[in-house]
Chemist: 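Handing you a structure now.
Below, chains carry the letters A, B, ... as their sequence lines are ordered, and counting in each starts from 1. Just so we're clear, the structure is a prediction, and the values are computed from it rather than from any experiment.
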Amino acid sequence: MAEETKKKNLDGAPVIDFDKFRPSRSSEQRRNVMDKFMAGLIALAFVIACIPLVSVLWTTIVNGIKRLNLNFLTYNMTGVVGGNPTPSGGYGGVLHAIIGTLEITGGAMLISIPIGIMCAVYLVEYAHGGKLAMTVSLLVDVMSGIPSIVAGLFAFSMFTIVFGPGTINGIEGSVALSLLMLPTVVKSCEEMLKIVPNDLREASLALGVTKQRTIAKIVLRTALPGIVSGCILAIARVIGETAPLLMTAGYIASTNVNLFAGQMTTLPVYVYQEYSKLSANCPANATAACVPTIPMERAWAAALVLIVVVLVLNLIGRLVAKIFAVKTER
Amino acid sequence: MSSQDKTALAPSGGKTADKVFRGVAYACGILILVVLAAVFLFLFFRAWPLIGGDQKANSDVISSFTGGKVSSFWGYVLPLLFGTVLISILALIIAFFVSIGIALFISHYAPKKVATGLSYVIDLLAAIPSVIYGLWGGLILVPAIYPFWNWVANHLGFIPLFAGPAANPQRTVATVAVVLAVMVLPIITSMSRDIFLQTPTLQQEAAYGLGATKWEMIKLAVIPFGRSGIVSASMLALGRALGETMAVLMILSPSVTGYSIKILQASQSNAIASNIAAQYPEANDLGVSVLIGTGLILFLITFIVNFVARKITEKAGA
Amino acid sequence: MGQRIDVNHENIYYGDFLAVEDVNINIEANKVTAFIGPSGCGKSTVLRTLDRMHELIPGAHVEGEVLLEGKNLYDKDVDPVSVRRDVGMVFQRPNPFPTMSIRENVLAGVRLNNKHISKSDADDLVEWALRGANLWNEVKDRLDNPGIGLSGGQQQRLCIARAVAVHPQVVLMDEPCSALDPISTLAVEDLINELKDDYTIVIVTHNMQQAARIADYTAFFNLKAVGQPGHLEYFADTTTMFNNPQNEEAERYISGRFG
Amino acid sequence: MGQRIDVNHENIYYGDFLAVEDVNINIEANKVTAFIGPSGCGKSTVLRTLDRMHELIPGAHVEGEVLLEGKNLYDKDVDPVSVRRDVGMVFQRPNPFPTMSIRENVLAGVRLNNKHISKSDADDLVEWALRGANLWNEVKDRLDNPGIGLSGGQQQRLCIARAVAVHPQVVLMDEPCSALDPISTLAVEDLINELKDDYTIVIVTHNMQQAARIADYTAFFNLKAVGQPGHLEYFADTTTMFNNPQNEEAERYISGRFG
Amino acid sequence: ATVAACGDNTASTSNSSSSDQTAKAAPISGDFQGAGATSQQAAVEAWIAGFQGTNPDAKIAYNPTGSGAGVTTFLTGATAWAGSDKALSDDNIAKSKAVCASGQAFDVPVYISPIAIVFNLKGVSDAGKHINLDAATAAKIFDGKITTWNDPAIQDQNKDLKLPSTPITVVHRSDKSGTTQNFVSYFKDQAPDAWTYDLSENWPNEVGQGAKGTSGVISTVKQADGTIGYADFSQVGDLGTAAIKVGDSYNEISAEAGSKVIEDSKLDDTAKGENRVVVKINHATEAKGAYPIVLVSYDIVCPAYKDTKQAEFAKAWLTYVTSDEGQKAAQDAAGSAPLPSSLTSQISKSIEAIKTK
Ligand SMILES: Nc1ncnc2c1ncn2[C@@H]1O[C@H](COP(=O)(O)OP(=O)(O)OP(=O)(O)O)[C@@H](O)[C@H]1O
Ligand SMILES: Nc1ncnc2c1ncn2[C@@H]1O[C@H](COP(=O)(O)OP(=O)(O)OP(=O)(O)O)[C@@H](O)[C@H]1O
Ligand SMILES: [Mg+2]
Ligand SMILES: [Mg+2]
Ligand SMILES: O=P([O-])([O-])[O-]
């Protein structure tokens with residue numbers, strides 16, 4: 001086109017030699033290679049991660065399946081002596097530990113999830129980055145770094161002071177675990193609430209809906225799948241805790257269903273205790289039914305049970321997330 | 001129409017609910033402060049004999065922990081701290097790149113159907129208890145990884161970090177870091193994956209529209225969007241690594257005291273949390289105070305780490 | 001009956017930044033008032049102060065008065081929630097609730113306020129509102145599908161239906177048609193025309209034809225320079241504004257439309 | 001020089017849902033072609049198949065041919081990346097990169113191919129593109145501020161600047177002006193007029209006046225009923241389309257504009 | 001306690017033994033808790049099972065938290081007894097006055113277990129062979145002074161073995177442990193020149209590798225060639241063990257050999273307090289067939305409890321545990337050494353001191 005029609009917008013605009021910016025063969029090749037290379041690297045990352053993951057699962061399954069049977073799931077460890085079979089025909093089991101794990105983790109959930117969600121609501125919906133909120137969210141970060149063993153010491157001492165020395169029971173373990181869960185719950189809920197588009201809050205508020213209902217029925221509802229998966233992560237974070245429960249919930253061979261009195265065994269503690277026993281003694285005159293390697297076998301079987309419990313919890317969480325799933329924008 | 005009998009600005013219902021809800025939210029926010037203060041106070045209270053108690057008794061207890069090598073609290077805790085940080089940072093470095101890779105693989109590379117399955121696997125792995133990682137690490141990984149670390153020590157031994165000879169069995173910082181990396185990897189992965197998946201389609205299309213390749217699109221749209229999420233995920237992961245007890249306890253051959261970066265040799269470093277677990281059962285009252293003192297230090301260090309990370313996040317977000 | 005709004009000496013801030021300066025405007029009851037002006041001059045900002053949505057942005061605040069039937073919205077004793085119940089709003093970008101079906105979206109204003117409404121009343125309301133937004137025929141067979149599954153234009157009409165379903169006294173609309181095709185636009189314009197019997201309407205539009213077609217009064221906002229606060233340059237009834245504006249800037253702007 | 005696009009027997013799917021059916025259209029090089037039609041008829045969908053953006057939606061796929069200068073974009077050996085380099089796109093909603101400054105936003109596309117651009121080249125390019133999008137004067141003093149801080153209209157113009165800065169051969173625009181005020185719209189229309197010297201332009205618009213003003217050819221898409229696939233109803237040069245359409249539906253639609 | 005029966009492995013034969021029970025005191029019933037040494041765990045499990053055979057209504061829990069924590073918990077009054085690898089300290093005794101209804105807590109030995117030196121060496125241990133070591137050589141190995149298996153100091157004592165030049169990897173406990181203390185106390189007594197460290201439950205040097213718990217030590221020793229460590233005898237499995245020089249002969253490890261050294265030991269007269277039975281292990285024993293490296297673990301109880309039920313239990317428990325029947329059960333379940341008869345009268349006297357009225 002002729003020079004004189006040169007566009008009034010571009011008056012004074014520099015003249016650009018676009019050939020300079022044309023993709024050259026080499027630059028295109030470089031980009032393509034880079035793209036392929038990164039795709040390869042990213043896929044490789046996955047493969048690398050799969051090695052230990054598969055190995056952990058494989059080891060646990062192969063070693064655990066050996067003793068995992070109905071007897072193992074329906075009996076506790078009372079009356080188990082050395083490598084000898086019990087009157088029921090098994091070698092002891094994890095019923096008490098499954099009950100303990102579910103109750104203690106459940107207790108921790110009941111404490112930390114409501115508090116965690118409301119704290120996230122405070123941070124995202126009410127605080128708007130005020131001084132207090134900054135402090136709270138900073139401290140939540142800090143709290144996520146509390147070593148589990150310290151959480152255990154904290155719960156232990158708190159119960160010692162309030163309920164007398166030597167108090168050991170399930171809820172004490174729940175308190176220790178909830179201290180560990182809380183920051184994870186708050187952080188993930190916070191992230192999820194932040195992701196809820198502001199448009200939706202405005203739309204609801206503009207309808208004359210109170211803030212409480214907007215948060216409860218729009219914001220939390222929209223973020224629900226994320227919150228559920230966040231809480232599952234938080235549970236996953238604590239369900240396998242061993243060190244704090246050794247101090248707070250203790251270890252017992254029999255079944256205790258009372259969260260508020262008496263020691264309770266959890267699955268991870270059970271695994272650890274059986275691992276610590278390593279092997280059982282079989283006296284010289286023992287029958288072939290006496291299995292010296294039984295403690296390690298029980299440890300692996302309990303580890304497998306623990307993984308299955310986690311799997312089931314995950315499944316439940318996913319199902320919940322799916323049922324309430326929010327269709328995202330196209 | 002029903003609107004006609006409305007008077008202007010009639011008071012709305014639900015005000016009490018509004019107030020209560022708000023109050024509960026504030027209370028829960030403040031509860032965090034209270035809980036943390038309680039933990040702090042307790043640790044401080046239990047560690048008090050270290051400061052206010054009989055110093056002679058303190059040195060005796062610490063000497064009993066260290067076979068007489070060290071008798072001052074700082075001389076005891078600083079090497080532990082060094083080891084803790086060394087292990088955690090190594091674990092984070094190993095896990096970070098792999099995790100981001102996996103997160104991107106799930107969010108942007110794998111076919112959608114497969115991706116759901118893959119992220120399920122990763123979520124599940126986040127839930128594998130540390131005691132199982134301890135079992136696996138101590139019994140399976142330690143012998144399996146020896147040839148690799150031995151190779152590293154032989155070929156890269158000139159780097160102080162990899163100075164040989166590689167210990168056999170490999171109950172070393174290097175192996176523990178690998179296990180911790182595996183443990184924290186799902187945390188970083190699942191959080192960054194969630195964030196990556198939230199990258200607005202508009203942003204991604206903007207990049208594609210400019211003729212970006214997939215990787216360039218990720219650099220232009222996905223990573224910047226996810227940056228603060230990645231940092232906070234890494235911090236969560238670091239926090240977990242710093243405080244990890246059982247896996248370290250069950251795998252690492254610890255040192256009594258001393259600073260070392262020889263990660264392929266045994267008995268070179270120790271971590272605070274696992275040291276507490278190892279010493280607590282047999283410790284007397286004063287010994288427990290010393291151990292809680294080390295716990296307090298660990299607590300402070302996580303405070304600092306998170307504080308710094310937080311500042312980085314804030315800057316990046318600005 | 002719609003209600004009138006009088007804005008007196010209003011200054012609007014985002015934090016320390018004065019975005020709009022000294023606005024004085026009288027918005028008549030049961031009329032349509034259009035806000036026009038160049039991008040960034042503060043049309044949306046002013047509109048959002050009329051139902052106290054502005055203050056939802058952290059740090060944002062308002063000086064001056066906004067009187068709804070003589071009552072200052074910004075008085076201490078006024079509950080912003082009740083303001084927003086009386087003054088509805090439709091946004092520039094469609095924002096249906098992603099967790100809700102089309103039907104629930106329309107009923108959201110009623111339901112979220114915990115009002116109980118019988119199924120048949122609800123059905124009637126949904127149909128009334130969707131017909132008004134010219135969406136009924138398109139969605140009547142899939143009222144239980146998620147609202148987010150609709151196309152952009154359909155989503156916006158759904159949002160309009162949602163806003164009118166609560167029977168507000170004033171309806172504020174921020175470029176409600178910018179994502180709509182002409183047929184839908186026309187339907188919405190018709191709807192606005194109908195609504196003004198019962199409500200007061202304020203609409204931001206960049207489409208001057210639209211302003212000319214539907215508005216009784218038009219307010220022209222302007223901006224001295226970028227970074228400067230916007231202000232109300234000229235306010236007149238629509239005929240005057242478009243045929244015989246007594247303001248040079250406004251004339252330039254309006255004629256520029258067809259430049 | 002712009003390049004021509006020929007679409008042959010194109011069916012467009014979202015998963016199993018056939019969204020647009022049997023499109024045949026010849027888009028001339030160095031001309032402006034406008035797509036008009038009611039909401040949901042598939043204008044955006046068709047547009048997005050012209051630079052293979054459509055396939056980014058999981059499950060979405062295309063049957064038929066799209067020939068860019070005779071070469072089928074959907075051939076096995078064609079790299080979608082290079083397609084999108086040659087065929088630029090401006091979206092309905094502004095989407096600047098939120099972490100980048102205004103300047104970096106404009107340069108984003110160029111940087112992909114040229115790791116190292118001299119500062120002066122970059123400055124020139126930024127100025128050229130921003131002037132073209134009529135944004136230069138508004139932002140020249142704050143080029144290093146984040147692009148996301150601009151108002152909606154400004155953001156969209158920034159996106160246009162970003163798209164033209166890579167100097168594509170074809171530019172696709174999906175309702176690029178729907179968030180713009182008339183002055184900005186005018187500037188963009190001017191820009192489109194200028195750009196067609198060098199590029200082929202395809203624009204989706206719901207503003208028929210705009211189509212009439214800027215397009216050489218106009219394609220009218222339609223929809224038999226909701227849930228049915230959209231299709232290309234009528235394609236003609238713009239004068240014919242608006243003055244003497246040979247298609248009843250098109251006539252109804254166009255005259256409805258002023259109904 | 002009633003619901004807690006859920007999942008219990010109740011012995012179908014438990015009623016048969018109740019007939020001879022009628023002759024003795026009424027069976028004990030109630031909830032009783034103990035905590036302490038991990039070393040006793042396997043034995044305690046057997047004891048609980050055995051005790052419940054005659055007292056089916058007694059519910060007993062033992063938490064193997066470790067000796068220190070066990071004693072600390074006992075001194076809060078939360079447990080009926082503590083198991084400990086260490087005798088009570090003077091400080092503990094003083095504190096116990098506040099917990100016991102009257103008098104002071106005392107300790108009696110209940111569990112004696114030899115500590116094995118285990119090793120893993122190709123061609124030796126996998127061929128089922130022992131090695132002979134004297135105290136000084138062992139001490140030097142564990143102190144890192146002897147670093148290869150074919151070191152003359154070792155070779156000289158093992159003339160019939162062909163020892164390879166494999167480097168020695170020492171494996172020791174990484175946690176605070178009674179096993180460690182009992183183990184190194186042997187070195188301190190028998191090779192004071194080679195072992196100069198203070199006596200402690202912590203491993204004092206940085207030689208070789210540390211591992212958590214006996215299980216950690218055993219699995220580490222198994223993982224590589226050339227390793228040597230120490231562990232409770234019952235956990236040895238198929239690893240090689242060292243025969244220790246006693247007098248002029250090298251004695252192999254066995255439960256009975258461990259018992260012999262205790263038989264040849266005196267009570268520790270430095271242990272102040274009534275009823276205490278604290279063994280001062282005579283590492284210098286020259287008794288025939290004795291294996292000198294042993295761990296003695298105690299049960300700690302009060303002479304009087306605030307709750308007489310607890311007192312009844314403590315008395316019955318200790319009576320059972322130290323009885324031949326109890327020791328036999330422990331021997332079967334944990335491979336421990338029986339309490340030598342030289343101690344039993346002392347122990348019974350102390351147990352009699354528990355007031356149940
Ligand atoms: N959230 C905000 N924070 C700070 N400044 C803002 C914010 N929103 C808008 N502004 C500024 O306020 C001024 C008025 O913006 P506003 O969005 O009201 O303009 P508008 O007339 O509606 O423009 P458009 O036609 O593009 O929507 C602009 O300078 C804009 O940059
Ligand atoms: N991501 C998607 N998944 C499934 N269906 C879609 C998707 N995007 C669009 N559709 C459907 O495809 C059809 C065409 O939509 P499209 O957005 O192309 O219409 P349009 O003509 O651009 O409308 P508008 O003017 O409202 O932008 C509509 O029925 C719409 O519901
Ligand atoms: Mg606006
Ligand atoms: Mg469209
Ligand atoms: O029984 P210990 O763990 O102290 O060796």
Side-chain angles (χ1 to χ4, degrees), chain A residues 31 34-35 38-39 41-43 45-46 48-49 52-53 55-56 59-60 115 118-119 121-123 126-127 135-136 138-150 153-154 157 179 187 191 195 208 210-213 233 236 239-240 242-243 268 271-272 275 299 303 306-307 310-311 314, chain B residues 12 14 17-18 21-22 24-26 28-29 31-33 35-36 39 42-43 46 97-98 101-102 104-105 109 123-133 135-136 140 182 185 190 198 213-216 229 235-236 239 242-243 245-246 273 276-277 292 295 298-299 302-303 305-307 310:
Chain A
R31 293 175 55 194
M34 189 64 186
D35 191 45
M38 289 313 295
L41 219 54
I42 284 167
F46 195 86
I48 285 177
L53 305 182
S55 173
V56 170
T59 312
T60 312
I115 295 176
M118 286 312 285
C119 182
V121 164
Y122 161 74
L123 287 173
Y126 286 102
T135 319
V136 169
L138 177 74
L139 292 186
V140 168
D141 281 344
V142 171
M143 211 167 154
S144 67
I146 291 186
S148 55
I149 194 148
V150 173
L153 287 169
F154 163 72
S157 88
L179 191 68
K187 287 236 67 142
E191 294 288 337
I195 282 167
T210 61
K211 190 154 185 174
Q212 174 253 325
R213 288 181 199 140
L233 260 181
I239 200 167
T242 313
V271 171
Y272 181 67
Y275 160 77
L306 184 51
I307 285 180
V310 169
L311 188 95
N314 263 271
Chain B
S12 55
D18 222 21
F21 191 76
R22 187 189 148 92
V24 170
Y26 268 84
C28 286
L31 191 68
I32 299 284
L33 306 183
V35 166
L36 214 61
V39 175
F42 161 69
L43 292 181
R46 274 310 312 258
F97 294 100
V98 180
I102 300 171
L104 285 172
F105 186 71
Y109 283 87
D123 274 358
L124 170 65
L125 285 159
I128 290 183
S130 50
V131 65
I132 295 180
Y133 280 115
L135 280 184
W136 172 78
I140 310 293
V182 174
L185 180 141
S190 71
Q198 302 278 359
T213 61
K214 192 161 205 161
W215 170 241
E216 287 162 348
M235 285 307 124
L236 272 182
L242 285 170
T245 311
M246 297 313 285
I276 295 175
I292 288 182
L298 179 59
F299 199 15
T302 51
F303 191 105
V305 166
N306 284 297
F307 188 81
R310 173 82 170 209

Chemist: Side chain from CB out, backbone as N, CA, C, O: work out which of these in B:Leu36 comes under 4.5 Å of a heavy atom of chain A, or both, or neither.
Modeler: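 Interface part for B:Leu36: side chain.
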
Chemist: Heavy-atom distance under 4.5 Å to chain A: side chain of B:Thr245, backbone, both or neither?
Modeler: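 Just the side chain, heavy atoms under 4.5 Å.
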
Chemist: If we only count heavy atoms from C-beta on, is the A:Thr210 to B:Phe21 side-chain gap below 4.5 Å?
Modeler: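 Heavy-atom side-chain distance check fails, nothing below 4.5 Å.
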
Chemist: Taking the side chain as every heavy atom from C-beta outward, state whether B:Tyr133 and A:Pro52 have any pair of such atoms under 4.5 Å apart.
Modeler: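 No, too far: nothing below the 4.5 Å cut-off.
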
Chemist: Under 4.5 Å heavy-atom distance to chain A, tell me which part of B:Tyr109 shows up: side chain, backbone, both or neither.
Modeler: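 Side chain only.
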
Chemist: Could you tell me which of B:Gly295, B:Ala25, B:Gly101, B:Ala17 has the largest number of non-hydrogen atom pairs under 4.5 Å with chain A?
Modeler: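 The answer is B:Ala25.
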
Chemist: Any non-hydrogen side-chain atom of B:Val182 less than 4.5 Å from a side-chain atom of A:Leu53?
Modeler: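 Of all side-chain heavy-atom pairs linking A:Leu53 with B:Val182, at least one is under 4.5 Å.
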
Chemist: Is the shortest heavy-atom distance from the side chain of A:Met143 to the side chain of B:Val35 under 4.5 Å?
Modeler: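 When only atoms from C-beta onward are counted, B:Val35 and A:Met143 do touch, with a gap below 4.5 Å.
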
Chemist: State, yes or no, whether a side-chain contact exists between B:Pro129 and A:Thr242 at a heavy-atom distance under 4.5 Å.
Modeler: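 Side chain of B:Pro129 against side chain of A:Thr242, heavy atoms only: no contact under 4.5 Å found.
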
Chemist: For B:Val98 and A:Ala49, work out which heavy atoms get closest and say how close.
Modeler: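 Scanning both residues completely, I find the closest heavy atoms to be CG1-CB, 4.0 Å.
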
Chemist: Measuring heavy-atom distances to chain B, does A:Thr60 have an atom under 4.5 Å in its side chain, in its backbone, in both, or in neither?
Modeler: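 For A:Thr60, side-chain heavy atoms alone lie under 4.5 Å from chain B.
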
Chemist: Quick one: closest heavy-atom pair of A:Val136 and B:Gly29, and the distance?
Modeler: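 The answer is CG2-O, 3.4 Å.
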
Chemist: Answer with side chain, backbone, both or neither: which region of B:Phe42 has an atom nearer than 4.5 Å to a non-hydrogen atom of chain A?
Modeler: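 Side chain only.
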
Chemist: For chain B, which candidate among A:Ser55, A:Ala43, A:Ser148 shows the most heavy-atom pairs at distances under 4.5 Å?
Modeler: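 Highest number of pairs under 4.5 Å: A:Ser55.
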
Chemist: Looking at chain B, which one of A:Ile48, A:Leu138, A:Leu123, A:Val271 has the largest number of heavy-atom pairs inside 4.5 Å, strictly under?
Modeler: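 Heavy-atom pairs under 4.5 Å are most numerous for A:Leu138.
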
Chemist: Which answer fits B:Leu242, side chain, backbone, both or neither, if we ask what part of it has an atom under 4.5 Å from a heavy atom of chain A?
Modeler: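 Contact with chain A involves no heavy atom of B:Leu242 at all.
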
Chemist: Taking only residues two or more places apart in sequence, or in another chain, which ones meet A:Ala127 in a side-chain contact (heavy atoms from CB on, under 4.5 Å)?
Modeler: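 With sequence neighbours excluded, A:Ala127 shows a side-chain contact (heavy atoms from CB on, under 4.5 Å) to A:Tyr122, A:Ala133, given in chain and number order.
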
Chemist: Determine whether A:Arg31 and B:Glu216 make a side-chain contact, defined as any pair of heavy atoms from C-beta on separated by less than 4.5 Å.
Modeler: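 In contact.
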
Chemist: What pair of heavy atoms forms the shortest contact from A:Pro147 to B:Gly243, and how long is it?
Modeler: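 The pair with the smallest heavy-atom distance is CB-CA, 3.8 Å.
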
Chemist: How long is the span from the CE atom in A:Met38 to the OG1 atom in B:Thr213, to the nearest 0.5 Å?
Modeler: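 Result: 10.5 Å between the selected atoms.
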
Chemist: I need the minimum non-hydrogen distance between A:Asp35 and B:Trp215, along with the two atoms involved.
Modeler: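 Of all heavy-atom pairs spanning A:Asp35 and B:Trp215, the closest is OD1-N, 2.9 Å.
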
Chemist: Which heavy-atom pair separates A:Tyr275 from B:Leu135 by the least distance, and what is that distance?
Modeler: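 That closest heavy-atom pairing would be CD1-CD2, 3.3 Å.
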
